[in-house]
**Student:** 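Here you go, one structure.
Order of appearance sets the numbers: ligands from 1, and atoms from 1 within every ligand.
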Amino acid sequence: MLMAQTELPVYLDDSKPVEERIEDALSRMTLEEKVKMVHAQSQFSSAGVPRLGIPENWMTDGPHGIRAEVQWDDWGQAGWTNDSCLAFPALTCLAATWNPQLAALYGKSIGEEARYRNKNVLLGPGVNIYRTPLNGRNFEYMGEDPFLASRMVVPYVQGVQQNGVAACVKHFALNNQEVDRHTVNVNVSDRALYEIYLPPFKAAVTEGKAWAIMGAYNRYKGQWCCQNEYLLNNILRGEWHFDGVVVSDWGGVNNTEQSIYQGVDMEFGTWTDGMTEGRGNVFDQYYLATPFLELLRAQKVKEEEVDKKVRNILRLTFRTTMDRNRPFGSFVTPEHSLAAQQIAEEGIVLLQNKNNLLPVDLNTAKKIAVIGENAVKMMTIGGGSSSLKAQYEISPLDGIKNRIGTQAEVVYARGYVGEATAIQDGVKSRDIIDNRSPEELLAEAVEAAKSADYVVFIGGLNKHDGQDSEGNDRSGLGLPYEQDGLIRTLAKVNKNLVVVILSGNAVAMPWANEVPAIVESWYLGSEAGNALASVLLGDSNPSGKLPFTFPVQLTDVGAHAAGDYPGVNQEEYYNEGIFVGYRWNDKNKIKALFPFGHGLSYTQFTYGKASISNKTMQENETVTVTVPVKNTGKRAGKEIVQLYIGDEKCTVERPVKELKSFEKILLNPDEEKTVEFSLSVDDLKFYDEGKKDWVAEPGKFKVYIGASSADIRSTVDFELK
Ligand code: GLC
């Protein structure tokens, strides 16, 4: 007897269109099952539908690696032994590579780690614009320029999602500081919102096709960003046609009414009154839990309101956990280590290299002194939610020692003791407790430096509160722990001094003219020491360029000179408007310590004259700008050729120039390549607040071809008809 072919329910049938599967699943769900889906059931997960075999959603931090498991209902470490991950470099380092292919590699690799750990939402990348060098979380983001951040975030999102894991781009929007982050109401012009702060999110959504986005904690137009009519309904859904899920930041939802109607789909991390006596579990008390269910049952809210949210969540499910064809991921593989090292090496920025002191020459050097706490301090832990329990982390000192081996003597001196906690964010750190007196530590460092052929001081910031860490901002631009004094002392003791700064932010360098070589080396993750040693010893030729400006002083920064950072009584006015970063420097003719887009190489590049295919451009025409670039040095190297556009005359004030394209090219010694850029009218537009649209005004424009925003090698004039 033929068994009746049991019809596979549509929602379980991969061959059916996702939208049909969504409607079928929805039609089978009870009201209670729908409400359970729109809020957390644990610290990092939300319910599926056990009865229908629809899986739970598991989120994980963060942008640099897969966070260690925490307790079911609090932040405490779960203490598992299978969740030590590969720590990738911080996103400022990725941005500093200016290499979208590495962004794709980064996304693919971290997505594989998330997939292997059975997470279907990665809570990253962060793309908040670097408005102030004090922001504690800049190390998690991609710099000050919306175009660079946009070009780098798209491949990262696509790389993550090819693993069947959703990238959850954060924090949408205007979360540009940590001070008062849960309450500050940001007042910003539409022009600055659209030209500076939204573009990376728009690119991630409309080009990267991000499947998730995370609302920010702060307010905009008086509404919390996790329940914001303007950002979530009008812009994200209305203008960008986002079809993914909106996840709240942890504790970002603040009431039931607005969260029902103003855009959030999944509520996480809400601070309720905890597990009080006699109450149900804490997650039932979420704003979109029992309170929401009661309104629905009483028909004070239409069921359509919960259906809207559940549709977006089911779409996430069918794109991830219920896609039978998605790959299986991998965890802490040699390939991921290699990817981390490649990204780290290409992101390191050689800021200064007088007398070509670097790379270290082992043919002559017999003794190298490595000095500073950051040479041994673990940097993969700390910093807040992006903190990791890494399976390994090669410290700068170990990397240098491994690389040099017996070719020279490497001596180490601490120099000072800044932070020596053995435990951070619940993760055991390297024990670097040192109770010696500052005098003793200084004497030891001077002694080590005196007789060395090279002194490598490894300083900068760390991931402790008040430095590069979530929840707070720095109180100033200067280096902590009196490193400036130590650097000056070392410069007097030994002229062959290299200062390596580990940081996610710009720092003041009052000693910059007293030090021959300066390297910005970011937080590089598990492969930190290997990547840094490879650059310092010249195995790899540095090719990173700054994704943000290093100002001489805070008053050189728009947010501090014109803006009212950090705001007064929870109100903040971005008075500097669109003039963020180098846009501010250009407008006010302020020389940066090191400008946006700056980075040296161990070889040299010359630029020829730029030319344009048509000096009078029609509105619907694409023109081509070409510029020959030559490697005139003795070794191969990569150069990031930048194209900026300036609108010579406009009815509104515009920046002197804005980054509109870049190309990273590899050139062998004596090799010359002609770099080509294509320009369309879109590259000439500004956001017109009256028309609420982008417009380009006919008239004269200038193309600037630069090795940095302040090192313009060639310009070309043209006209838009
Ligand atoms: C944190 C952060 C967010 C993180 C989330 C979960 O407060 O703002 O970036 O993903 O909560 O840890």
Side-chain angles (χ1 to χ4, degrees), residues 39-46 57-78 83 85 90-92 110 114 117 119-129 135-142 153 156-157 160 165-184 186 200-201 204 210-219 224-226 245-254 264-271 283 286 381-389 424-427 463 465 468-473 504:
H39 63 83
Q41 69 172 4
S42 78
Q43 200 68 12
F44 279 99
S45 76
S46 59
N57 288 294
W58 278 90
M59 320 333 232
T60 180
D61 285 320
H64 308 148
I66 309 311
R67 181 173 182 164
E69 301 292 339
V70 297
Q71 299 293 347
W72 182 258
D73 53 8
D74 72 44
W75 295 108
Q77 290 288 306
D83 57 354
C85 69
L91 292 194
T92 36
I110 195 172
R117 296 280 311 120
K119 312 295 182 182
N120 66 312
V121 181
L122 175 73
L123 301 174
V127 286
N128 291 103
I129 289 295
N135 178 19
R137 295 188 80 173
N138 278 331
F139 72 100
E140 293 184 58
Y141 307 150
M142 298 191 186
V153 71
Y156 180 113
V157 167
V160 170
V165 173
C168 183
V169 189
K170 66 189 188 181
H171 308 86
F172 189 63
L174 300 164
N175 181 189
N176 304 102
Q177 67 191 51
E178 290 299 289
V179 169
D180 294 336
R181 66 171 172 163
H182 296 285
T183 51
V184 72
V186 174
F201 290 101
W211 293 337
I213 201 162
M214 185 190 291
Y217 282 129
N218 53 282
R219 291 178 293 147
W224 308 101
C225 287
C226 291
V245 285
V246 174
V247 180
S248 78
D249 199 339
W250 267 237
V253 168
N254 290 275
V264 66
D265 296 313
M266 303 177 91
E267 174 190 3
F268 276 88
T270 298
W271 299 293
F283 300 101
Y286 272 36
I381 58 176
S385 59
S386 64
S387 177
L388 296 172
K389 179 168 74 174
Q424 222 178 333
D425 293 324
V427 174
K463 302 287 208 52
D465 186 46
D468 283 324
S469 179
E470 177 178 341
N472 242 320
D473 291 343

**Student:** Considering only protein heavy atoms, which is closest to atom 11 (O) of ligand 1, and at what distance to one decimal place?
**Tutor:** D249 OD1, 3.1 Å
**Student:** Between ligand 1 and R67, can you find any atom pair, the residue atom being a heavy atom, that is separated by under 4.0 Å?
**Tutor:** yes
**Student:** Can you tell me which residue among W58, F44, W250 is in a ring pair (Phe, Tyr, Trp, His ring centres under 6.0 Å) with F268?
**Tutor:** W250
**Student:** Nearest heavy-atom pair of A212 and A166: which atoms, and what distance?
**Tutor:** CB-CB, 4.4 Å
**Student:** May I ask whether M59 has any heavy atom positioned less than 4.0 angstrom from an atom of ligand 1?
**Tutor:** no
**Student:** Within ligand 1, which atoms have a heavy atom of W75 less than 4.0 Å away?
**Tutor:** 12 (O)
**Student:** Any idea which heavy atoms bring V169 and A210 closest together, and the distance?
**Tutor:** CG2-CB, 3.9 Å
**Student:** Suppose I only count heavy atoms of K170 and a 4.0 Å limit; which atoms of ligand 1 are within that range?
**Tutor:** 3 (C), 4 (C), 9 (O), 10 (O)
**Student:** Show which atoms of ligand 1 fall inside a sub-4.0 Å distance from at least one heavy-atom site of S385.
**Tutor:** 2 (C), 3 (C), 4 (C), 9 (O), 12 (O)
**Student:** Backbone, side chain, both or neither: what part of F44 comes under 4.0 angstrom of ligand 1, heavy atoms only?
**Tutor:** side chain
**Student:** Considering all heavy atoms of both residues, which atom of S469 and which atom of G384 are nearest to each other, and what is their separation?
**Tutor:** OG-N, 4.0 Å
**Student:** Please answer whether the main-chain N or O of G252 pairs with a side-chain N or O of N254 as donor and acceptor at a distance below 3.5 Å.
**Tutor:** yes
**Student:** Considering only heavy atoms, does H182 approach ligand 1 within less than 4.0 Å through its side chain, its backbone, both, or neither?
**Tutor:** neither
**Student:** Could K170 and D249 be called an ion pair, given the rule that one side-chain N must be under 4.0 Å from one carboxylate O?
**Tutor:** no
**Student:** In plain terms, say whether K119 and E69 are close enough for a salt bridge, that is, a side-chain N and a carboxylate O under 4.0 Å apart.
**Tutor:** yes
**Student:** For residues T60 and I66, report the shortest heavy-atom separation together with the two atoms involved.
**Tutor:** OG1-CG2, 3.5 Å
**Student:** Where on R137 is there a heavy atom closer than 4.0 Å to ligand 1, on the side chain, on the backbone, on both, or on neither?
**Tutor:** side chain
**Student:** Quick test: of every protein heavy atom, which one is nearest to atom 1 (C) of ligand 1, and how far off is it to 0.1 Å?
**Tutor:** E470 OE2, 3.2 Å
**Student:** Among all protein heavy atoms in this structure, tell me which lies nearest to atom 7 (O) of ligand 1, with the distance rounded to 0.1 Å.
**Tutor:** Y217 OH, 2.6 Å
**Student:** Should you measure from each heavy atom of L123, which atoms of ligand 1 turn up under 4.0 Å away?
**Tutor:** 10 (O)
**Student:** Checking a contact table here: which protein heavy atom is nearest atom 12 (O) of ligand 1, and how many Å away?
**Tutor:** D61 OD2, 2.6 Å
**Student:** With backbone taken as N, CA, C and O and side chain as the heavy atoms from C-beta onward, which portion of Q43 lies under 4.0 Å from ligand 1: side chain, backbone, both, or neither?
**Tutor:** neither
**Student:** Between H64 and L91 (side chain of the first, backbone of the second, donor and acceptor by atom type, cut-off under 3.5 Å), is there such a pair?
**Tutor:** yes
